[in-house]
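Here the structure comes first, spelled out in structure tokens, and everything after it is commentary.
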Amino acid sequence: MAISDAREAMRAGARFHIRSDIPAFFTKINKDRVLELLRPHLNCEATLKLFEEAIKTDLANIDDLRRKGLAEIFPIGIEGVAQGSPLSPLIANIYLADFDLEMNSDGITCLRYIDDFLLLGATLSDVDKAFNRSLKVLSKIGLEAYDPRTDKAKASRGATQKGFDFLGCNVSPGLVQPSEATRKRFRAKLDAEFVAASHALRYNAQYHDGDGKYAYSSALFRIDKIILGWGKAFTFCNGTHSMSALDDFISKKLAQLEAEKTAVLAKSDSAAQRRILGVRLLTDIQG
């Protein structure tokens with residue numbers, strides 16, 4: 001929906017953009033302010049109390065987390081909510097509701113997902129002014145944003161015609177496709193699965209893999225699930241070239257794995273072949 005709205009804004013004349021995000025956002029959320037924002041909308045004090053308890057973080061292993069440098073992920077004071085909590089997206093939207101209202105004005109389209117936001121406007125001056133305004137709005141609640149003029153790795157600024165990355169996609173007026181970084185992470189994840197499958201071929205040729213978890217058929221099933229999940233997430237994209245390139249990458253990896261499987265099977269006895277493929281032996285089944 002956000003990508004669709006961005007494209008609609010571009011069709012309506014938004015020729016420039018600024019994309020940024022809010023550093024350490026979840027650790028800086030003031031929980032008392034969240035409750036103050038909610039209170040006028042909740043007539044039930046018990047519900048408000050339940051929500052207050054739900055966003056409180058109590059950790060039994062806080063000392064261990066501190067030693068590992070992970071304590072800030074689970075803030076236990078007035079400020080900060082736990083990253084990964086199912087309530088975190090809701091809290092983010094409550095906390096930044098005024099920001100959304102303020103920024104979608106004066107001819108600017110502001111699209112935000114959690115702490116990542118995009119400003120679209122007719123001129124570069126318009127989006128620059130909007131970004132400066134966003135800094136002022138955020139500062140009122142103790143937040144800031146990466147400046148695209150100095151933090152080019154964390155933010156971007158320029159003509160929409162040249163395209164920009166937002167929410168894992170590269171977006172331009174006529175093309176939407178998974179961003180280069182997103183595609184790179186996808187290839188890396190698949191690479192790891194193919195390497196594991198390759199090792200499993202040789203393992204199963206020598207040892208008895210109890211439940212077939214690492215069999216060839218299981219590896220293909222996991223790889224297919226990764227492809228399905230990733231592909232479903234980007235069905236709205238129209239960049240067929242990038243998808244075809246990824247399919248070529250996957251097909252080559254599958255061909256390499258198939259060649260390895262054929263070589264290992266040729267050197268294995270019938271029982272090992274079954275374990276490699278993931279087809280159970282009756283004699284291996286125990287009560």
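Treat the numbers as computed from the prediction; the structure is a model and nothing was measured.
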Roughly how far apart are [X] [atom1] and [Y] [atom2], rounded to 0.5 Å?
X: Ser172; Y: Met10; atom1: OG; atom2: CE; answer: 7.0 Å
X: Ile22; Y: Lys154; atom1: CD1; atom2: NZ; answer: 13.5 Å
X: Lys261; Y: Gln273; atom1: NZ; atom2: CD; answer: 10.0 Å
X: Asp128; Y: Arg133; atom1: CG; atom2: CZ; answer: 12.0 Å
X: Phe166; Y: Ser20; atom1: CZ; atom2: OG; answer: 11.0 Å
X: Ile91; Y: Leu96; atom1: CD1; atom2: CG; answer: 11.5 Å

Derivation and outcome, side chain to side chain contact (heavy atoms under 4.5 Å, CB included), residues Phe16 and Ser125: CA-CA 9 Å; Phe16 291 89; Ser125 175; over 6 Å; no
For the pair [X] (side chain) and [Y] (backbone), establish whether a donor and an acceptor sit closer than 3.5 Å, ignoring hydrogens and angles.
X: Thr109; Y: Leu120; value: no
X: Ser218; Y: Gly278; value: no
X: Arg274; Y: Val279; value: yes
X: Asp116; Y: Asp21; value: no
X: Asp106; Y: Ile108; value: no
X: Tyr95; Y: Leu37; value: no
X: Ser217; Y: Leu277; value: yes
X: Arg187; Y: Lys189; value: no
X: His17; Y: Gly158; value: yes

Quick one: does [X]'s side chain get under 4.5 Å of [Y]'s, heavy atoms only?
X: Leu124; Y: Arg157; answer: yes
X: Phe186; Y: Pro178; answer: no
X: Leu254; Y: Leu220; answer: yes

Closest non-hydrogen atom pair, [X] against [Y]:
X: Asp269; Y: Ala272; answer: OD1-N, 2.8 Å
X: Arg275; Y: Ala215; answer: O-CB, 3.6 Å
X: Leu281; Y: Ala271; answer: CD1-O, 3.7 Å
X: Ile3; Y: Cys169; answer: CD1-CB, 4.2 Å
X: Gly163; Y: Asn170; answer: C-ND2, 4.4 Å
X: Ile276; Y: Ser268; answer: CD1-OG, 3.6 Å

Between [X] and [Y], does at least one N-O distance fall below 4.0 Å, as a salt bridge requires?
X: Arg33; Y: Glu36; answer: no
X: Asp100; Y: Arg112; answer: yes
X: Arg202; Y: Glu260; answer: yes
X: Lys49; Y: Glu52; answer: yes

For Asn43, look at atom CG and say whether over 12 heavy atoms of other residues, nucleotides or ligands are found less than 6.0 Å away. no
If you count heavy atoms of other groups shown closer than 6.0 angstrom to CD of Gln161, is the number above 12?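 No.
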According to the interplanar angle, ranging from 0 to 90°, do the rings of Phe117 and Phe99 count as parallel (below 30°), tilted (30 to 60°) or perpendicular (above 60°)?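 The rings of Phe117 and Phe99 stand perpendicular, inter-plane angle above 60°.
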Give a yes or no on whether [X] and [Y] share a hydrophobic cluster (residues Ile, Leu, Val, Met, Phe, Trp, Tyr; joining criterion: side-chain heavy atoms under 4.5 Å apart).
X: Leu228; Y: Ile223; value: no
X: Leu167; Y: Leu175; value: no
X: Leu90; Y: Phe25; value: yes
X: Leu42; Y: Ile55; value: yes
X: Leu119; Y: Met1; value: no

Can Tyr216 and Val264 be said to form a side chain to side chain contact (heavy atoms under 4.5 Å, CB included), step by step? CA-CA 11 Å; Tyr216 185 72; Val264 172; over 6 Å; no
Apply the test side chain to side chain contact (heavy atoms under 4.5 Å, CB included) to residues Ser88 and Phe26: give CA-CA distance (whole Å), side-chain angles for both, the deciding distance (0.1 Å), then the verdict. CA-CA 8 Å; Ser88 294; Phe26 284 113; 3.5 Å; yes
All N/O donor-acceptor pairs, side-chain side in residues 243-253, below 3.5 Å, sequence neighbours left out:
{"residue": "Ser244", "atom": "OG", "partner": "Thr240", "partner atom": "O", "Å": "3.0"}
{"residue": "Ser251", "atom": "OG", "partner": "Asp247", "partner atom": "O", "Å": "3.0"}
{"residue": "Lys253", "atom": "NZ", "partner": "Asp191", "partner atom": "OD1", "Å": "2.7"}

Taking only distance into account, with no hydrogens and no angle test, what donor-acceptor pairs under 3.5 Å do side-chain atoms of residues 134-149 form with protein atoms, sequence neighbours excluded?
{"residue": "Ser134", "atom": "OG", "partner": "Phe131", "partner atom": "O", "Å": "2.6"}
{"residue": "Ser139", "atom": "OG", "partner": "Leu135", "partner atom": "O", "Å": "3.4"}
{"residue": "Ser139", "atom": "OG", "partner": "Lys136", "partner atom": "O", "Å": "2.7"}
{"residue": "Asp147", "atom": "OD1", "partner": "Arg149", "partner atom": "N", "Å": "2.9"}
{"residue": "Asp147", "atom": "OD1", "partner": "Arg149", "partner atom": "NE", "Å": "3.0"}
{"residue": "Asp147", "atom": "OD2", "partner": "Arg149", "partner atom": "NH2", "Å": "3.4"}
{"residue": "Arg149", "atom": "NH2", "partner": "Asn132", "partner atom": "OD1", "Å": "3.3"}

Trace of the side chain to side chain contact (heavy atoms under 4.5 Å, CB included) decision for Asp165 with Thr182: CA-CA 10 Å; Asp165 288 352; Thr182 299; over 6 Å; no
Passing option when Ile94 is tested against Leu38, Leu35, Ile29, Leu87 for side chain to side chain contact (heavy atoms under 4.5 Å, CB included): Leu38
